[in-house]
Student: 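First, the structure itself, so that you have it in front of you.
Chain letters run A, B, ... following the sequence lines, proteins first, then strands; residues in each count from 1. Side chains are part of it too, since the values below use all heavy atoms of this structure and drop only hydrogens, waters and symmetry mates.
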Protein chains: 2
Amino acid sequence: MSHPLIVNLERHGPLSDEERQVLQQITARVVAYRPREEIVAEGSTPSHSSLILEGFATRHNHSADGKRQITAFHVPGDFADLHSFLLKRMDGGVGALTACRVAQVAHGDLREITKRYPYLTRVLWFTTLVDGAVHRAWMTTLGRMAAGERLAHFFCELRDRLETVGMTKGDSYELPITQEELGDAFGMSTVHVNRVLQELRAEGLIASHGKTLVIRDWERLKHMGQYDPGYLHKDQKLERD
Amino acid sequence: MSHPLIVNLERHGPLSDEERQVLQQITARVVAYRPREEIVAEGSTPSHSSLILEGFATRHNHSADGKRQITAFHVPGDFADLHSFLLKRMDGGVGALTACRVAQVAHGDLREITKRYPYLTRVLWFTTLVDGAVHRAWMTTLGRMAAGERLAHFFCELRDRLETVGMTKGDSYELPITQEELGDAFGMSTVHVNRVLQELRAEGLIASHGKTLVIRDWERLKHMGQYDPGYLHKDQKLERD
DNA sequence: CGCTGTCTTGAAAGGACTCAACGCCGGTGG
DNA sequence: CCACCGGCGTTGAGTCCTTTCAAGACAGCG
């Protein structure tokens, strides 16, 4: 069983034995969460960052009037709140969608990394920048695309992200996200999510059996969601030196 | 005339003389842009990052069908694309709203900083994380708030950001942003921006004379936009050691 | 077997968009 | 010095997307 963080970071270039060892060490403390459980509370100031090892998680902000905006979905290998290392105060919370195993990385350990391992620092920084790029892609769908296009875009994005961690089976993958959560992520009511999903199914773009999503026409889905995976910077190499 | 970047970074803790000197050096190359001019092209791979010294700039993504989403407004002291240091390929472009003076910081210099100046590295990383926090705040307004509330929120945010760089005069500030641009930023048509602004004025929340925005009732504007400046992490201190 | 969370459906109301036209103002060139 | 031009702001009317409210169907779980 390979370490999901190491696998993720090595997509951008090889790590030294020492670096791999450091990553092993700082991710040694693992905690389990049940479905729906809160991992990091909105407004809290954790002293560690949470790395998802198994399961799906969300990041979400609540507006003052109680509405929820989901700002990110996280899959194994993702740091859900690496930003809390420097930002300290969580502007949004992190929650488990399914049962999760999470490594807690002490902020002190991360600070040590910035002192001793410049390359590791840059790759970690890099992952937070990709996070921002995904935010911008979502903003673009939220602000300028129709409801169905937003969902199409997301299903494409999630496919690519799950594929890199080996969690797709051909054209399908597990999507443990309710319609309410999709609505909270993409700015639509649950009812409307439901109707739009029906259209996507009727169009022959997707199908779903239980929690499994099947992509029936990748090309048309991609086209509808105007999906271009560049912003994920999946295989972007970083200079070691 | 103090250096806007140094002032900005020192809000989070004092810099050493050496660090200040390094920052001076790497921001020595300055370029001027005219209003509307493109600073960094979408899809390009610049070898430097752009620091706004004077003027207003935007970051924007275009969807495949030509619509524009503005993902950020930048004011003096902001790095518009520090992320291009590691991400390389620009997922969105940077453009001048007004005449701008911009310092071009070579990516090579930034890499050197990650090797020699861990604290400086952390503060710079920090600024990109705040950028992400602002993205999340915008996503929340885009997905879950009404049109008028989104604008109210933004006027509050911009006030606070301009205040920290001394660009407010009491309750008012220069807002060199057209209604079309506001629409592209907050997911609404130009026509609708116009009507919503009229409502904000009629409600006595704001007034505008030419390009000057006057906040006439801060408390109510804040309340309407559900504005809580925490996500800007304005005076968050970072540990030097 | 009943409960609860999730999905689905229908109908009515409302927010936002599009299209189209007009007014205003500063800049420019004759 | 004035008339024209273009960018920006403003208005009106009709349409459509999305929401809200309400209720029923379904499925997994204890």
Student: Looking at D/dT20, D/dG9, C/dT18, which one has an atom nearest to any side-chain atom of B/Gln179?
Tutor: D/dG9
Student: Tell me the interatomic distance from B/Lys211, atom NZ, to C/dG26, atom P, rounded to whole angstroms.
Tutor: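 Between P of C/dG26 and NZ of B/Lys211: 11 Å.
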Student: Rounded to the Å, how far apart are B/Arg34 CZ and C/dG27 C1'?
Tutor: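 Going from B/Arg34 (CZ) to C/dG27 (C1'), I get 16 Å.
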Student: Find the distance A/His192:NE2 to D/dT20:P and express it as a whole number of Å.
Tutor: 12 Å
Student: Have a look at B/Thr178 and say if it touches a base, only the backbone sugar-phosphate, or nothing, with a 4.0 Å heavy-atom cut-off.
Tutor: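 The answer is sugar-phosphate, as B/Thr178 gets under 4.0 Å only of primed atoms, P, OP1 or OP2.
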Student: Do A/Arg29 and A/Gln104 have a side chain donor and acceptor closer than 3.5 Å?
Tutor: yes
Student: What does B/Gly148 touch in the nucleic acid at a heavy-atom separation under 4.0 angstrom: a base, only the sugar-phosphate, or nothing?
Tutor: nothing
Student: Mind running side-chain contact (heavy atoms from CB on, under 4.5 Å) on B/Arg201 and B/Ile206 for me, showing each step along the way?
Tutor: CA-CA 5 Å; B/Arg201 287 191 281 251; B/Ile206 60 165; 4.0 Å; yes
Student: Without decimals, in angstroms, what is the distance between A/Ile177 CD1 and C/dC7 P?
Tutor: 11 Å
Student: Can you tell me which residue pairs pass the ring pair (Phe, Tyr, Trp, His ring centres under 6.0 Å) test with a partner in residues 174-206 of chain B, sequence neighbours excluded?
Tutor: B/Trp138-B/Phe186, B/Phe154-B/Phe186
Student: Mind calculating the distance between CG (B/Leu197) and C1' (D/dG9) to the nearest angstrom?
Tutor: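 Rounded to whole Å, this separation is 10 Å.
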Student: Taking atom C1' of C/dA16 as reference, at what distance in whole Å does atom CZ of B/Phe186 sit?
Tutor: 17 Å
Student: Below 30° counts as parallel, above 60° as perpendicular, anything between as tilted: where do the rings of A/His107 and A/Phe85 land?
Tutor: tilted
Student: Which nucleotide in the set C/dT6, C/dC17, D/dT18 lies at the smallest distance from any side-chain heavy atom of A/Glu180?
Tutor: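 Output: C/dT6.
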Student: In terms of the nearest nucleotide of DNA chain D, which residue is placed more toward the 5' end: A/Met145 or A/Val191?
Tutor: A/Met145
Student: Just checking, is any N or O donor in the side chain of A/Arg89 or B/His233 under 3.5 Å from an acceptor N or O on the other one?
Tutor: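 No, no side-chain donor-acceptor contact under 3.5 Å.
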Student: Grab the CZ-C1' distance between A/Arg201 and C/dC7 for me, whole Å please.
Tutor: 9 Å
Student: Starting from P on D/dC17, measure out to CD on A/Glu199 and report it in whole angstrom.
Tutor: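 After rounding, the reported distance stands at 9 Å.
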Student: Does C/dT8 have OP1 or OP2 under 4.0 Å away from a side-chain N or O of A/Asn194?
Tutor: yes
Student: Any N or O donor-acceptor pair linking the side chain of B/Arg195 to the base of D/dG9 at under 3.5 Å?
Tutor: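 Result: no qualifying N/O pair found.
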Student: Hey, does the side chain of A/Gln198 come within less than 4.0 Å of C/dT9's phosphate (OP1/OP2), counting only N and O?
Tutor: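 For A/Gln198, the contact criterion (side-chain N or O under 4.0 Å from OP1 or OP2 of C/dT9) is met.
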